[in-house]
Each structure stands twice: as C-alpha cells, then as structure tokens.
Amino acid sequence: MSTGILSPGCQLLGTTVMPSFSQEGQINLGGEFSLHEKPGYSQNLFTVKPKTKDCQGEFRLAQTMVFAIEEINNRTDILPGVTLGYKIYDTCASVTFSVQSAMALMNGYEEMLTDTSCSRPAAVKAIIGESGSTNTIAIAASVGLFQIPVISHFATCACLSDRKEYPTFFRTIPSDYYQSRALAQLVKHFGWTWVGAVRSDSDYGNNGMATFVEAAKQEGICIEYSVKFHRTEPEKLLKVVELIKRGTAKVVVAFVALLEMNSLLEQLTVQNITGLQLIGTEGWITASSLVRPSSYRILGGSIGFAVTGTKINGLKEFVLKLHPSNHPNNSDVKDFWEAAFQCSVTKETSSNYKTPCTGSESLTELKNQYTDESEIRITNNVYKAVYAVAYSLHSQLECMPQKGCAKNLQTEPWQVLDALKKVNFTLRTGERVFFDGNGDPAAKYEVVNWQLGPNGAVEFKAKPTSVCSESCPSGTRKAVRRGKPVCCYDCVPCAEGEISNKTDSNDCIPCDLEYWSNEKRDRCVLKTVEFLSFEEVMGIVLVIFSLFGTCLTVLVAVVFLAHKNTPIVRANNSELSFLLLFSLTLCFLCSLTFIGRPSQWSCMLRHTAFGVTFVLCISCVLGKTIVVLMAFRATLPGSNVMKWFGPPQQRLTVLAFTLIQVLICVLWLTFSPPFPNKNMKYYKDKVILECDVGSAVGFWAVLGYIGLLSLMCFVLAFLARKLPDNFNEAKFITFSMLIFCAVWITFIPAYVSSPGKFTVAVEIFAILASSFGLLFCIFVPKCYIVLLKPELNSRKHVMGKMPKKSL
C-alpha cells in the first residue's frame, strides 16, 4: 500500500488493536473471548471499514484463562523456571473482530515494525478460543497457514474435525457429530415421532441440525419443519416463531447458540407460546442467563445434553478479586463493572450511568453469570485448553519437575502443534485430557432436565424422570407393546429356569441343566437334590416300621425257640419255620438299604438283597406248602410220599430256588448293574438322586421270578385249603400269599407312576407290607395258641379231625 512517503520497514494497515488483558511472559498464549454479549444488528458488507465495537460476556472465561496461567506459573512440576504470558482479546461474538484479533495475536500490535521484525515468529504460540463455531472456523482458517494451534473451548461444529481444512485446530469440547446422534436417540427414547426443528443460521446450527435430521430419519422420526434464523435477522425470527405457533408438533429440537436462544425465548414469552417440550443442546441447556421468572413457563421440562464439568479449586476466589482499581486503564473492566453495579466508575459524561460508584461494591454480593459457581462446564474447558498447551510446551522443551527445561525457550508454534497431538495428562481434578487424530476429545455428556427445586428455583437435574416405561429390573425382560415404539415396553418376569442379571434385558438367559433360577429370577442357583433320607419324616416312619417288623420277627423266633419241642412248633417242619423267620428278618432289614443317598454300592445292594431275601422267604413258604400237601398224602393208606420229600429234599428245594435268583442277580450286576442317577425329568427345580436299575430286563427278571414263586405258592396253598383246620396252616399260607400277590400287583403301577423319592417309598412299602402279611398270617395264629391257648398246643389237638369248612 503506497502512502506517498517511503516508510522504513513494515507498517500495519488499519487501526491498532489492543488486548483487553495482557501480561508479558517468556512464552505468550493468545485468547479470544466475547467479553460483550449484544452486538449491533448491522451486517458487514465488506465495502467499508467495520465500525468500532458497540456491544455489551465471557468475562468469567477470560479470567479462567488468566487464573490457569498464573496457577501454572506458580507450579514447579509444570514448566519450571518458565513464565507464561497472555494476550486476551474481546471479539464481541463478531467474525470480523475474531479475525482482526487473530491477526493481532500473530503480528503484535505495534504500529511500526523494523525490517527484521517483519519475519519474526508469531507473538503467541497458541490461541485459546473462540466460543462460536463460525468465529472459530474463521480464526482456524486464518492462522492455520502459519501453523499456530487453535484450541477452542466451545466450538462444536463437526466440520472442524476435518484435518485437511483445519490442520491446527483442537478443542476440549466434544464434536456435534456425537451430540446430534445422541439427540435423535433421546427423541426416539421418549417415543416422539413428530417433531419440529429450529437452528441457528450458522455453521454450528446448520451442520448440527443436518446431522440430527439424518439420524432422526434413520430412527423413524418425522420432522414437521426445519427452520433457521440469525440473531441479526429479527424479521426471520418472527416467521420462525409464527411457524412454531401454527405447527402441530409439541416437541421442538432447538439446535441454537445461546445468543439466538435469548432472542427466541424473548419472542416465545411475548407471544405466550407454552406447552412445548424443548430439546436443547449444550449451547444453551445449562445457561444460567436464561433462568428468569418468566422463562420457566417456556423452558420448564426442557431436556438436552450438556458437557461434563468439574469444580476448579481456587477459581471462585480468583474471579471475585476482579476490581477496576487493579485495571485502571482497562475499558472492558470498566464497562463490566458499571453494567454489574449500575453505577459510573469515572466522572466522564459519556458513561451510561449517572450514579457514581462508591468503591465499596463487591462481587461477592453479586449474583450474575460471572459469579455463578454452577457455570463450571465451559469454564472447565478453558482450564483444560490452557493446561493442554502448558503440558505440550513442557514436553517440547523437555522440562523436568523442579529442575528446569533442557531446550531453548525460543520455540515455534509448529513445534507446539506437534506436541499437542501427543499430549495426554490428568488434571488435579482427576480428569484425563487428550486429543484424537482429528483434534477432538473423548465424547462425554450429561442428560440435563429443567425442573423447579424445593425453593422454587430452577435446577438442572442430571436424570429426567419422564420415561415411556421404567427400566426393567433384574429378573425381568423387556416386552415391546404391540403398535408402540420400542421405548414403550412391559417388564415381563423371566420364566422358571431363566434369569436376567442386569436392568433392561431384552432376553432372559436359561440356567444350566443342574441350576435353577432363584425367586427373584436374577441368579442361577444349584437345584435342590432330592432323595429319601433318614432325616425326613417319611424316612423316619419307614425306618420305624422296618425295625418294628425286625423286632417282631425276632420276638416270634424267640417264642418258637422257647417252645421248639411243642407239637404246634414241631408240626410242619420247624426248621423251615426258623429259616422263614430268618428270611423275614432280612426282608425287613433290606428295606433300610433303600433309604439314604444313593451310591454305586447301595444301588447294587438294595435290589439284589431285596431279590435274594424275598426268594428265600417265598421258597420257605413254598416248601411249607408242599410239606402240607405231602403230609396229607402220607396219611392215606399205602402212601409213601414223605419218603421222597423229607427234610433234606426240603432244604435242597429252598436252596435251588434261591440259587436261581442269585444267578439272575449275578448276571444283572455283571452286564448292567444299577447305578446312581440324577433324574431331572419329573421336577424343573429339583434333581432327583435315584438308583437307575441299569438293565430293565434284569430288574423285571428279579421281580418276575419272585412273582412266579409267589403264584406257585398261592396255587398250591389254594389246593390245600380244604384240609383239616387243625392239621396244617394251609389256610393261613393262602391268606398270606393273597396279601403278598395283591401288594405286588398294586406295586407295579404305583412304582411306575410315582415321581422321585416316592418311587423308593412305594418299593419300601411293598416290601414291608408283604413281609408283615407273611409274618402275621403264618406265625401270629401259632403264637396265639402257644402263648394264650397252651391247652390247644397238644399232639391230640393237632392230629384231631374236624369238620371240613369251605374257604
């Protein structure tokens, strides 16, 4: 640019731009914040020089940057011996001023530069800012050519993740790529399928809403309208409000920046448009500046996503120390103070306030956006951005805690840029900071819901209470209601044998074969193992009857032994009687082997002992029956039959019949013996521990042989039923065999149909019933005569002839 006079060195074009806050250091950082919040509605046409700022911010964010830098300077573990400086500019939320400030941060603000200083390094090594995506895009595009890193605390446009377009851009807030999709999921979660959409006419709003609309369509959500406006376009804002008023959608997704939200809320309040469910973004959902007495009618119940925040120790005290006396020539501090306390700091007539400040004003008594302690989310992002640059410098300069830095402090921005890509550290607050390949941090949000607190104040609650269906607890599964969205479901308890051990399970998990679900259906537990034990009532009762039968049999044997020489005992082979009593004792005792936990040996013993003892018992009864018939034949003239069926033959008959059963049992145990088995067929929640017979042929062969001998015995006894009553016991043997056969015929269907331990109980009952039947029918009549009617216990009475009776 020619001025008519040859200027020595370089000369800046335009007006010198001075920083709002500055402090020189060995290494300087730049900052760009909107310290004023209401820009004029004039549009920049790029035909004339922009007007000076006339706007009225982000004072708290600027002070947070100063606080972080001073905190780092006072630490010895980060950049020891290195002093950081800062130059913070007010952009007034204007793209023009943002670019102008970026140029000043690169070049400095001296009006005249020497020849050599024209090529000097940039005045700052990194820039913290800006809040708006559009302004940040302008800054990143301007300084990116000079390899100067830009770290934004609030620019969320997904377009900034493009490394080709913005190679030096980083941010400490997640990209809208994630938030837009999360908003679609949130809308879907509540079953809202008919929504309106309003956005800022900026890179932030346009890009974010485009992503949301795409994700919403994939989720089956319909958009009634999608409109945009800018804060500098009041006519368009009125059209947007009118469209919202006429629309049928009661849910409105507002992807707008805070300044646009202020304008929109103002118009919604003026036109008294209520009953809307607003879905918000991190740009405004937690802004305390929106909390006004009239705003809750519109924003009550609003829900949206906010970035996470952490309390920074010492920051509260630092921001409250701000005072005009510490910055006497700073017009921005003066403007802030006058607006905060509605008084004039100076006596100048240009001040908007006539009442002079007393000097006793204190920020501790003030409640506004600057002093609000709840505003920790974006503040924390500024704090992280400063520390990210500090740790990058610490790594690039090869600094050691308490020792100093190894490299020269004359570092270049591109070196800081390289270090920023690798930075990974944890703040004192416990938050980990790092950037991915696109310069983005890890995406992490909180769900925020506007609700009134107990004292009537608006609270930002992290968990909404309005859901279509409550979460399904453990032990249940989600069952989608027919014709309803997937977020509307019923919680159905898991079926028996199935569990769900987490909330909102879609399906229940079946338990393993030996496990069963507990009562709450949230855990698999081992099934109850069931068998007939000695401890339970039924087992005790059966043991008592078994021992009673054994004792009774022994008692009968003692009575018979004491009267062994009497006619009633000697008649009909007393040797077989004692052998029968012995076998009955074994029958009673063998029932005990069926009680208790089945094992390999007990399973083999119970069935074989039962089979052999019962055959021995029936063989003795059969022998006695044959003796009765032979004895009657022997009384006939010329009969010599007893010579062929004397005591030796009787013993041999019993032995032969018993050996056949022993042989059957040996073959059974050899080829397919009984074994303990876990039966899970009868009960779902129990395991029946039982003895499997192994070979069904062997088991039924043993029972069949017993049945065959019993049938033979019954037939022979029936044939002898008309013999003289006093001569033999044929009638009593007939009754005993009748009882025996009835018991075992009934046993078969009962055994097959009884489940679990009742199968064993039925078998024991059959053994005891048939044993008691034999004992009572055969021996009780004789004991009656021996003990109570001794006069009948004579040879004369036993051999006497009595009239015949029908059975």
Side-chain angles (χ1 to χ4, degrees), residues 32-34 37 39 41 43-46 58 61 91-102 127-145 149-184 197-216 226-233 236-237 240 253-264 280-285 287 304-305 307 378 381 385 438-441 443:
E32 295 195 26
F33 301 97
S34 177
E37 61 183 2
Y41 287 118
Q43 210 167 8
N44 187 12
L45 302 175
F46 299 98
E58 292 182 340
L61 301 183
T91 65
C92 204
S94 166
V95 175
T96 303
F97 297 138
S98 296
V99 176
Q100 188 179 38
S101 300
I127 299 175
I128 309 298
E130 233 242 48
S131 296
S133 293
T134 300
N135 296 19
T136 306
I137 289 171
I139 296 170
S142 301
V143 304
L145 298 172
V150 177
I151 306 101
S152 176
H153 54 276
F154 208 23
T156 58
C157 180
C159 58
L160 285 164
S161 297
D162 187 346
R163 261 316 188 228
K164 292 182 179 179
E165 290 289 333
Y166 312 103
T168 66
F169 176 76
F170 298 85
R171 54 181 154 198
T172 52
I173 187 169
S175 166
D176 281 336
Y177 174 86
Y178 305 102
Q179 182 179 210
S180 298
R181 284 162 172 74
L183 285 172
V198 179
R199 66 186 186 276
S200 296
D201 191 5
S202 62
D203 293 282
Y204 167 72
N206 292 329
N207 283 276
M209 185 56 75
T211 306
F212 168 78
V213 170
E214 180 185 354
S226 179
V227 291
K228 61 183 178 179
F229 72 97
H230 194 265
R231 59 181 174 273
T232 60
E233 300 172 328
K236 188 175 286 188
L237 172 60
V240 168
V253 179
F255 215 112
V256 296
L258 178 58
L259 294 177
E260 274 82 11
M261 191 62 199
N262 271 313
S263 302
L264 178 61
T281 62
E282 92 299 329
W284 64 268
I285 194 67
F305 292 104
V307 293
I378 309 306
N381 287 346
N438 295 323
D440 295 327

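Hydrogens, waters and symmetry mates play no part in the numbers below; they use all other heavy atoms, side chains included.
Checking side-chain atoms of T91 against main-chain N and O of F97 turns up no donor-acceptor pair under 3.5 Å. For R163 (side chain) and F169 (main-chain N/O), a donor-acceptor pair under 3.5 Å exists by modelled atom type. The main-chain N or O of G208 is found under 3.5 Å from a side-chain atom of S180 such that the two form a donor-acceptor pair. Side-chain atoms of N381 come within 3.5 Å of backbone atoms of H153 as a donor-acceptor pair (strictly under, hydrogens ignored). Without hydrogens or angle criteria, S175 side chain to Y177 main chain gives a donor-acceptor distance under 3.5 Å.
R199 is linked by a salt bridge (Lys or Arg N to Asp or Glu O under 4.0 Å) to nothing, counting only residues two or more places apart in sequence or in another chain. In this view, E260 and R231 satisfy the salt bridge (Lys or Arg N to Asp or Glu O under 4.0 Å) rule, not counting sequence neighbours.
Put simply, OG on S142 and CD on Q100 are 12.0 Å apart, with the number rounded to the nearest 0.5 Å. Of the inter-residue distances, the one linking Y178 atom OH with L183 atom CG reads 15.0 Å to the nearest 0.5 angstrom. Once rounded to the nearest 0.5 Å, the distance linking CG of L259 with OG of S34 reads 7.0 Å. Remark: S152 OG to I127 CD1 distance equals 11.5 Å, nearest 0.5 Å. With rounding to the nearest 0.5 angstrom, the CD1 atom of I137 is 12.0 Å from the CD atom of E130. We find the OG1-CZ distance between T211 and F255 to be 7.5 Å, quoted to the nearest 0.5 Å.
For the residue pair S101/E32, the side-chain donor-acceptor check at 3.5 Å is not satisfied. The closest side-chain donor-acceptor pair between Q179 and T156, if any, does not fall under 3.5 angstrom.
Residues T136 and R171 have side chains not in contact (no heavy-atom distance under 4.5 Å, counting atoms from C-beta outward). No side-chain heavy atom of T281 sits less than 4.5 Å from a side-chain heavy atom of V256. Using a 4.5 Å cut-off on side-chain heavy atoms (C-beta onward), F212 and D176 make no contact. Under the 4.5 Å side-chain criterion, counting only non-hydrogen atoms from C-beta, L61 is not in contact with F154. Taking 4.5 Å as the limit, some side-chain heavy atom of V307 sits within range of a side-chain heavy atom of P174. At least one side-chain heavy atom of F33 sits less than 4.5 Å from a side-chain heavy atom of I128. Looking at heavy atoms from C-beta onward, V150 lies out of side-chain contact with Y166 at the 4.5 angstrom threshold.
Residues D440 and S161 come closest through the heavy atom pair OD2-OG, 2.6 Å. Contact between T168 and G144 at its shortest, heavy atoms only, is OG1-CA, 3.5 Å. When every heavy atom of S202 is checked against every heavy atom of T134, the shortest pair comes out as CB-OG1, 3.5 Å. Smallest separation of non-hydrogen atoms from L258 and A287: CD1-CB, 3.5 Å. Across every non-hydrogen atom of G132 and A155, the tightest pair is O-CB, 4.1 Å. Of all the heavy atoms in D162 and K164, the pair that sits closest is OD1-N, 3.0 Å.
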- Could you check D203 against S133 for side chain to side chain donor-acceptor pair (under 3.5 Å), going step by step and ending with a plain yes or no? CA-CA 6 Å; D203 293 282; S133 293; over 6 Å; no
- Message: Walk me through whether I378 and E58 qualify under side chain to side chain contact (heavy atoms under 4.5 Å, CB included).
- Response: CA-CA 10 Å; I378 309 306; E58 292 182 340; over 6 Å; no
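Within 6.0 Å of CZ on F305 lie more than 12 heavy atoms contributed by other residues, nucleotides or ligands.
A salt bridge (Lys or Arg N to Asp or Glu O under 4.0 Å) check over residues 135-145, counting only residues at least two apart or in different chains, returns nothing.
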